[in-house]
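All values derive from a computational prediction rather than experimental measurement.
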Amino acid sequence: MKRNVVTVCLVLFALALSFNVSSCKGWKLDAERKANEQAGFGKLTNEELENERSQNEAAGLGRICNAEVEKERSENDAAGQGRYTNAEIDAMPLNPRKVPEGYVFVDGKTYEFEKTNIECLSWGEQYKLVTDRKVAAVAPFIIGKTEVTQKLYESIMGKNPSRYKGANKPVERLSWYNAVEFCNALSKKDGLTPCYSKDSSGKWTWDKNTDGWRLPTESEWRWAAMGGVKSKGYKYSGSNNFDEVAWSISYGSSGPGDVATKLSNELGLYDMSGNVEEWCWRLIFCGAIFNDQTDAVDNCHELSWIDALGSTYASSDGAVIGFRIVRSAPVSIAPNKAMTAEANLKLRSSEATSSNVLTIMQAGTKVKILELGKSETIDGIVSNWVKVEVQADAKDRDGKPIEQGLAGWCYGGYLF
């Protein structure tokens, strides 16, 4: 009888304990749901949290839930680092959190813009402006918040060619070649590999497999002036009011203004709509000093598109032209690597500019590298020819679909 009583008591005790444990577990789950909800992580149970954390860890994002991932992206985006998690940033060749003081990180993207050309109707008498809608693509890069100052230029080159002297004014009255030489000199000082070198004909070439300072490309300069992914569509770079962001040519005998004394644009860049004109790679200059607001060029246009590498004007140091500098992650090309066309790029039947053109891929087209070909210098860029396979959703320069899987050769210097 006693044994039965003990057994019954033990059963009742176990049931009570089970009830209390279950009740406690339910209470803890409710508490975690409330804590997660208050923290902005959603109403997730322990199991749901653990499942999300495991999935993110497997994806290389660390043991954080999806809501925590989104929070990191939002915080990094607000800090100008792009919509990346900390783990994604740490894996990038160009780390947005390690941008030197005085520079900003510009996230890459395929974007549209308008390009205006002057079309002569009769020589020296009539002309009209022709505006085309274009597409460009850029990889992430960092760029100077300001034009290179006279103080910085003199500290590196030991001289100051500027007409309008002032330590914090932009350096000016220098040639395109002077700007390129400065980039190399600063790269060496900072322990980086210079980007530029002269070929046997005396022309400068750009090795994209280096990490040094360089001039921005037309597409990079324009994208930065537009405000990048943070663009608000202003008429000028950072404002619809010209006087808030740009200097006029009416600045008088004192010359260009000190850098960073007007408002910045959305990315924190100064004087993109005008202080001095700026040298770019393959272009004479971007930006401008304007006579008045009616002469202004919208920030999604460039003032000039003259070929700097082949122009005698590149050696001129008489104009009020300065520059700002950029850095990007070295571009490596390897079989099976996925890459993007940064400009409209011809897909050819063989690795030669004389071969048949299969199609012209639109900027932003995704390709897969199949094979590396010969090394060559084209348009002042040192790279390899590559055989590529066009990926899904590709379009040609006219916006027509390109068959997925189409294979051909293109110049790797315009891939990133």
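N241 and S239 share no donor-acceptor pair across their side chains, judged by distance under 3.5 Å alone. No side-chain N or O of D77 forms a donor-acceptor pair with one of S74 less than 3.5 Å apart. Side-chain contact, Q362 with D396: no donor N or O sits under 3.5 Å from an acceptor N or O. Side-chain atoms of Y414 and D379 form a donor-acceptor pair, as typed in the model, at a separation below 3.5 Å. In this model, a donor atom of one side chain and an acceptor atom of the other lie less than 3.5 Å apart for S328 and R214. One side chain, T205 or S197, offers a donor N or O that lies under 3.5 Å from an acceptor on the other. In summary, the side chains of R327 and Y103 do not present any donor paired with an acceptor at a separation below 3.5 Å, with no hydrogens or angles considered.
Cation-pi geometry between K262 and W247 is satisfied (NZ or CZ under 6.0 Å from the ring centre, within 45° of the ring normal). Cation-pi geometry between K208 and W206 is satisfied (NZ or CZ under 6.0 Å from the ring centre, within 45° of the ring normal). A cation-pi arrangement is present between R222 and F113 under the rule of less than 6.0 angstrom and at most 45 degrees off the ring axis.
Panel note: side chain N265, backbone L267; a donor-acceptor pair is recorded below 3.5 Å. Looking at R97, its side chain never comes within 3.5 Å of a backbone N or O of I89 through a donor-acceptor pair. Although no hydrogens or angles enter the test, the distance criterion places a donor-acceptor pair under 3.5 Å between the side chain of S162 and the main chain of E172. In this structure, E52 contributes its side chain and N66 its backbone to a donor-acceptor pair below 3.5 Å. Panel note: side chain E351, backbone W409; no donor-acceptor pair is recorded below 3.5 Å. Panel note: side chain R173, backbone P161; a donor-acceptor pair is recorded below 3.5 Å. No side-chain donor-acceptor contact under 3.5 Å links N168 to the backbone of D258. Of the possible donor and acceptor atoms, one in the side chain of E68 sits under 3.5 Å from a partner among the backbone N and O of C65. Listed for the E277 side chain is no donor-acceptor partner under 3.5 Å among the backbone atoms of I321. Looking only at distances, a side-chain donor or acceptor of N56 sits under 3.5 Å from a matching main-chain atom of I64.
Other residues, nucleotides and ligands contribute at most 12 non-hydrogen atoms within 6.0 Å of the CZ atom of R397. The environment of CG in D393 is sparse: at most 12 heavy-atom neighbours from other residues, nucleotides or ligands sit within 6.0 Å. Other residues, nucleotides and ligands contribute more than 12 heavy atoms inside 6.0 Å of the NZ atom of K337. Summarising the local packing, NZ of K188 is surrounded by 12 or fewer heavy atoms from other residues, nucleotides or ligands at distances under 6.0 Å. Annotation for K374: atom NZ counts as buried by contact number, over 12 foreign heavy atoms lying within 6.0 Å.
In this structure, NZ in K145 is found 12.0 Å from CZ in R324, a value given to the nearest 0.5 Å. Between the CG atom in N336 and the CD1 atom in I369 there is a gap of 9.5 Å [rounded to 0.5 Å]. How far CH2 of W279 is from CG of L215: 9.5 Å, rounded to the nearest 0.5 Å. With rounding to the nearest 0.5 Å, the separation of CG in N240 from NZ in K235 is 8.0 Å. To the nearest 0.5 Å, atoms OG1 (T85) and CD (E70) are separated by 10.5 Å. With rounding to the nearest 0.5 Å, the separation of OG in S187 from CD1 in I156 is 10.0 Å.
Across all non-hydrogen atoms, the minimal contact from V276 to G322 is CG2-N, 3.7 Å. Across all their heavy atoms, A407 and L370 have their closest contact at CB-CD1, 4.1 Å. Nearest heavy atom pair, residue W221 against residue P216, reads CD1-CG, 4.1 Å. For the residue pair S383 and G413, the shortest heavy atom distance occurs at OG-N, 3.2 Å. A394 and T365 make their closest contact through CB-CG2, 3.8 Å (heavy atoms, listed as atom of the first residue, atom of the second, distance). Between D211 and P330, the closest heavy-atom pair is CB-CG, 4.0 Å.
Separation of the F323 and F182 ring centroids falls under the 6.0 Å cut-off. Aromatic pair W176/W281: ring centres closer than 6.0 Å.
Partners of Y270 by ring pair (Phe, Tyr, Trp, His ring centres under 6.0 Å), not counting sequence neighbours: none found. For the ring pair (Phe, Tyr, Trp, His ring centres under 6.0 Å) test, no residue two or more places apart in sequence or in another chain qualifies with F416.
Screening V390, L406, T340, N344 against M361 for a side-chain contact (heavy atoms from CB on, under 4.5 Å) leaves a single residue, V390.
Under 4.0 Å is where a charged nitrogen must lie from a carboxylate oxygen, and between E57 and R63 at least one such pair does. Salt-bridge annotation for K159 and E154: absent, with no side-chain N of the basic residue lying under 4.0 Å from a carboxylate O of the acidic one.
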For this session: Would you check, one step at a time, whether the test salt bridge (charged side-chain N to carboxylate O under 4.0 Å, His left out) holds for E112 with K134?
Result: CA-CA 6 Å; E112 291 188 353; K134 301 287 187 180; over 6 Å; no

Problem set entry | side-chain contact (heavy atoms from CB on, under 4.5 Å) evaluation trace for L415 with V386 | CA-CA 10 Å; L415 297 175; V386 288; 3.8 Å; yes

Exercise. How far apart are the C-alpha atoms of I333 and M339, what are their side-chain angles, what is the distance that settles it, and do they pass the side-chain contact (heavy atoms from CB on, under 4.5 Å) test?
Worked result: CA-CA 8 Å; I333 300 177; M339 301 192 76; 4.0 Å; yes

For this session: Start with the C-alpha distance between S264 and L269, add both sets of side-chain angles, then the distance that settles side-chain contact (heavy atoms from CB on, under 4.5 Å), and finish with yes or no.
Result: CA-CA 5 Å; S264 69; L269 303 176; 5.8 Å; no

Exercise. Taking it one step at a time, do L94 and I142 satisfy side-chain contact (heavy atoms from CB on, under 4.5 Å)?
Worked result: CA-CA 8 Å; L94 189 70; I142 61 174; 4.0 Å; yes

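Between R73 and E88 the shortest side-chain heavy-atom distance falls below 4.5 Å. Here the side chains of F105 and N76 are not in contact, with every heavy-atom distance at 4.5 Å or above. Between F141 and T217, every side-chain heavy-atom pair lies at or beyond the 4.5 Å cut-off. No side-chain heavy atom of Y164 sits under 4.5 Å from any side-chain heavy atom of V171. Side-chain contact between T146 and P170 is absent, with no heavy-atom pair separated by less than 4.5 Å. With contacts defined as side-chain heavy-atom distances shorter than 4.5 Å, the pair V135/Y111 does not qualify.
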